[in-house]
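Report on the structure given below.
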Amino acid sequence: MSEIQLLDEHTIDQIAAGEVVDRPSSVVKELVENAVDAKATAITIEIKEGGISFIRITDNGQGIPKEQVPIAFARHATSKLKSIEDLLTISSLGFRGEALSSIASVSQVELITKTASELSGTKYKIEGSKEISLEEIGAPEGTTFLVRNLFYNTPARRKFLKSAQTEASYISTLVERLALSHPDISFQLIVNNQPKLHTNGNTKLKDIIYHIFGRDITSGLLSVDASSSLLSVKGYIGKPFTARGNRSYEMYFINGRYIKSPLLAKCIEDAYKPFLMKHQYPFTVLQLTIDSGLIDVNVHPAKMEIRFQQSDQLYAEFTQIIREALEHKDMVPEVLPGAGIANKSEKQYAGAKPMERKPEPFEKKRLEAIAQAVKKDSPYEPKYKQKYEPKCEPKDEPKDQAKQELNNQADNEQQPAGQNFQQAQQPAPVYEQLAIAESGASYHADFIKEAKRCNYTLIGQLFDTYWLVEVEKELFIIDQHAAHEKVLYEKMMAQLLEHTFTSQQVSPPVILTLTMQEQELYKACQDAFTRIGFEVNPFGGREYAIQAVPANLYGIEPKELFLEMLDGLSHDIGNHTPDTVLEKIASMACKAAVKGRQKLSSAEANQLLSDLLALEHPYQCPHGRPTMIAMSQTEIERKFKRIV
């Protein structure tokens with residue numbers, strides 16, 4: 001075994017720094033939390049180059065007495081603990097006493113501070129844990145930290161940092177959370193001399209939510225103010241239409257501290273289960289107050305995790321509080337002019353009167369197509385007839401076709417279809433991205449062969465979801481949603497390869513609000529969005545205008561479509577690959593496809609079947625689910641004991 005040695009202080013400091021300080025946002029977190037603990041009512045954060053080259057934190061808090069300044073940078077020096085018993089009731093944000101020491105060991109730090117009782121301030125410089133100077137200086141009451149050249153003496157650690165824009169987005173997200181958890185403090189964030197966030201500290205949490213997330217989310221908030229035996233909860237939760245595709249908008253704070261907790265996340269998501277679709281996550285900004293004796297915050301160096309006593313009871317009480325806040329509320333979303341979805345019960349931030357709901361853009365064309373089918377003069381059918389069998393007609397046409405189609409039209413006027421099958425006027429070119437097992441693709445080759453010759457009978461629709469098709473001596477059951485997903489996916493992939501994506505202008509443009517991290521994510525993936533037909537441009541501040549969307553997805557609400565794609569992208573911007581784009585295209589196809597339990601006319605079903613038959617591998621949707629299953633006549637007769 002190698003000889004055991006004691007590490008020198010510099011190495012110990014850098015190991016400790018690795019636990020506490022891993023990127024510029026860690027420095028900002030520690031210093032801003034210290035400012036909050038120092039009773040500051042105004043805190044300014046200024047960064048340059050993502051905080052890598054320059055960070056300045058200024059507060060109007062209590063300051064540090066001159067004689068205690070050098071001690072503050074010693075390891076395990078803290079004003080928040082006196083004994084081990086204090087760990088059981090800790091209420092401050094910082095307490096370990098490692099932050100200043102760790103930051104000073106990997107950067108060049110300058111401190112200017114003054115207390116209310118001192119006539120002059122103190123200026124202190126320390127670089128790489130080495131004290132440079134200590135002198136008097138004129139200064140206002142409070143503290144200013146300047147941190148320059150982070151990781152200047154540890155280049156191996158510095159090379160693992162992301163781009164300056166990405167690091168700045170991490171800091172922006174951190175400051176937003178701090179502002180939400182302390183509405184009584186005025187926060188200002190300046191990035192490369194540009195103001196990005198400024199709250200006024202008026203204690204009104206809803207104002208901060210509006211400033212950060214915009215009017216659409218603010219218009220859909222439900223107030224929470226309740227208590228139980230273990231905790232009290234105050235804040236806001238979003239109505240279902242504010243939900244997003246990941247958990248980044250689930251924010252909860254315990255005793256003023258932002259944390260991540262699988263237990264609390266489960267409470268929130270379980271309470272929302274009756275209200276949200278699968279893989280949708282709610283918007284929440286909740287302040288939880290819990291007896292400090294029931295929690296352990298000394299779990300993780302970054303203080304992001306927490307342990308609970310009586311976790312089962314806490315789960316039950318917190319879930320019940322959220323559920324009660326959701327129940328018996330008006331959840332009906334309302335369309336406002338140029339604002340996407342808002343809620344009709346809270347319009348003070350919407351600034352517009354409700355607009356009458358209009359039918360889907362393709363509905364008129366859809367009804368016209370059905371009328372043409374009644375006359376047997378549809379402009380879409382000849383293209384497929386010419387390709388497969390010029391004089392072939394499906395055998396499912398009833399004698400009273402006109403009457404049947406008119407009934408279908410009446411039904412569909414009450415329940416509009418989700419996507420117009422007649423939008424695509426020719427079969428999509430074949431491009432197969434997903435691997436199809438040879439056995440699965442060849443087993444029912446006769447289905448494609450016979451159906452393409454129109455030698456099939458469309459029997460009808462089952463459960464408003466599945467279409468029954470008879471081909472020779474087999475019954476095929478086709479999932480209309482999976483089939484339409486496949487058709488849309490193939491068309492989009494073909495357009496992507498052939499660079500033939502077209503855009504449909506949105507008039508008026510749809511305005512949405514993005515956080516700084518979402519802005520950086522969009523900028524990193526802007527080429528991919530543009531390539532598939534989006535046109536999204538800055539509209540001032542945090543606002544962006546959606547001016548065009550992919551033409552074959554025009555029927556979907558633009559904001560919902562764009563945000564769903566953005567949410568699905570990884571926040572690790574450097575890891576985007578062509579596969580990521582393909583996954584999003586598949587997601588778009590799923591969003592645009594006609595849904596289950598949605599009545600279609602026989603004309604629409606025939607069009608869908610024609611589009612599906614034009615594909616080389618129509619057997620699976622982009623997510624791998626089967627588009628069809630089959631039962632042979634022999635198998636059916638066995639079930640009825642006609643044969644044994």
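Since this is a predicted model, take the numbers as computed values, not measurements.
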Sub-4.5 Å side-chain heavy-atom contact between [X] and [Y]:
X: Tyr236; Y: Leu222; value: no
X: Leu180; Y: Leu178; value: no
X: Leu221; Y: Lys206; value: yes
X: Asn202; Y: Pro183; value: no
X: Leu231; Y: Thr289; value: no
X: Ile268; Y: Phe318; value: yes
X: Val32; Y: Val175; value: no
X: Leu174; Y: Tyr258; value: no

For [X] and [Y], does a side-chain donor sit closer than 3.5 Å to a side-chain acceptor?
X: Gln517; Y: Thr173; value: yes
X: Ser232; Y: Gln287; value: no
X: Glu543; Y: Thr513; value: yes
X: Asp270; Y: Tyr315; value: yes

Please check: side-chain N/O of [X] versus main-chain N/O of [Y], any donor-acceptor pairing under 3.5 Å?
X: Asn60; Y: Ala40; value: no
X: Ser181; Y: Arg257; value: no
X: Glu167; Y: Ile52; value: no
X: Ser186; Y: Thr199; value: yes
X: Glu518; Y: Thr515; value: yes
X: Tyr170; Y: Ser26; value: no
X: Glu520; Y: Ser169; value: no
X: Thr242; Y: Lys239; value: yes

Next item on the list: Could you go through the side-chain hydrogen bond (donor to acceptor under 3.5 Å, both in side chains) check for Ser229 and Glu317 one step at a time?
Entry: CA-CA 8 Å; Ser229 61; Glu317 293 182 1; 2.5 Å; yes
How many angstroms lie between [atom1] in [X] and [atom2] in [Y], if you round to the nearest 0.5 Å?
X: Leu161; Y: Ser163; atom1: CG; atom2: OG; value: 10.0 Å
X: Ile208; Y: Lys204; atom1: CD1; atom2: NZ; value: 11.5 Å
X: Tyr272; Y: Ile237; atom1: OH; atom2: CD1; value: 3.5 Å
X: Ser53; Y: Lys48; atom1: OG; atom2: NZ; value: 7.5 Å
X: Glu557; Y: Ile546; atom1: CD; atom2: CD1; value: 7.5 Å
X: Thr284; Y: Tyr252; atom1: OG1; atom2: OH; value: 7.5 Å

Which heavy-atom pair separates [X] from [Y] by the least distance, and what is that distance?
X: Leu314; Y: Leu230; result: N-CD1, 3.7 Å
X: Ile103; Y: Glu30; result: CD1-CB, 4.3 Å
X: Ala168; Y: Met516; result: CB-CE, 3.7 Å
X: Arg542; Y: Ser172; result: NH2-OG, 4.4 Å
X: Leu276; Y: Ala243; result: CD2-CB, 3.6 Å
X: Gly235; Y: Leu205; result: CA-CD2, 4.0 Å

Next item on the list: With side-chain contact (heavy atoms from CB on, under 4.5 Å) as the test, would you mind laying out the steps for Phe308 and Leu294 before giving the verdict?
Entry: CA-CA 6 Å; Phe308 301 94; Leu294 298 177; over 6 Å; no
Next item on the list: Apply the side chain to side chain contact (heavy atoms under 4.5 Å, CB included) test between Ile47 and each candidate in Ile171, Asn192, Val147, Ile190; give the one that qualifies.
Entry: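 Between Ile47 and the candidates, side chain to side chain contact (heavy atoms under 4.5 Å, CB included) is satisfied uniquely by Ile171.
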Notebook entry, point to check: Can you name the one residue among Ile295, Leu264, Leu288 that meets side chain to side chain contact (heavy atoms under 4.5 Å, CB included) with Ile259?
Noted result: Leu264
Item checked: CD/Glu141: more than 12 non-hydrogen atoms of other groups inside 6.0 Å ->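 Atom CD in Glu141 is packed in, count exceeds 12.
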Margin query: Apply salt bridge (charged side-chain N to carboxylate O under 4.0 Å, His left out) to residues Arg244 and Glu250 and explain how you reach the verdict.
Written below: CA-CA 10 Å; Arg244 300 296 290 269; Glu250 284 185 17; over 6 Å; no
Next item on the list: Report the C-alpha separation of Lys234 and Leu286 in whole Å, then their side-chain angles, then the decisive distance to 0.1 Å, and conclude whether the side-chain contact (heavy atoms from CB on, under 4.5 Å) test is met.
Entry: CA-CA 6 Å; Lys234 290 186 178 182; Leu286 296 171; over 6 Å; no
Margin query: Could you check, using the six-membered ring where one of them is a Trp, whether Phe562 and Phe529 have ring centers closer than 6.0 angstrom?
Written below: yes
Notebook entry, point to check: Does the separation of the ring centres of Phe539 and Tyr544 fall below 6.0 angstrom?
Noted result: no
Checklist line | Mutual orientation of the aromatic rings belonging to Phe187 and His182 [parallel < 30°, tilted 30-60°, perpendicular > 60°] | finding: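 Plane angle between 30° and 60°, so tilted.
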Next item on the list: Look at the aromatic rings of Phe283 and Tyr249 and report parallel, tilted or perpendicular, splitting at 30° and 60°.
Entry: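 Phe283 vs Tyr249 ring planes: perpendicular.
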Next item on the list: Give the intermediate values and the outcome of salt bridge (charged side-chain N to carboxylate O under 4.0 Å, His left out) for residues Glu33 and Lys29.
Entry: CA-CA 6 Å; Glu33 286 181 349; Lys29 177 180 184 294; 3.0 Å; yes
Item checked: His484/Gln480 under side-chain contact (heavy atoms from CB on, under 4.5 Å): CA gap, chis, key distance, verdict -> CA-CA 6 Å; His484 199 200; Gln480 65 185 26; over 6 Å; no
Next item on the list: Go through the steps to decide whether Ile209 and Ile212 satisfy the test side-chain contact (heavy atoms from CB on, under 4.5 Å), and finish with yes or no.
Entry: CA-CA 5 Å; Ile209 294 174; Ile212 295 174; over 6 Å; no
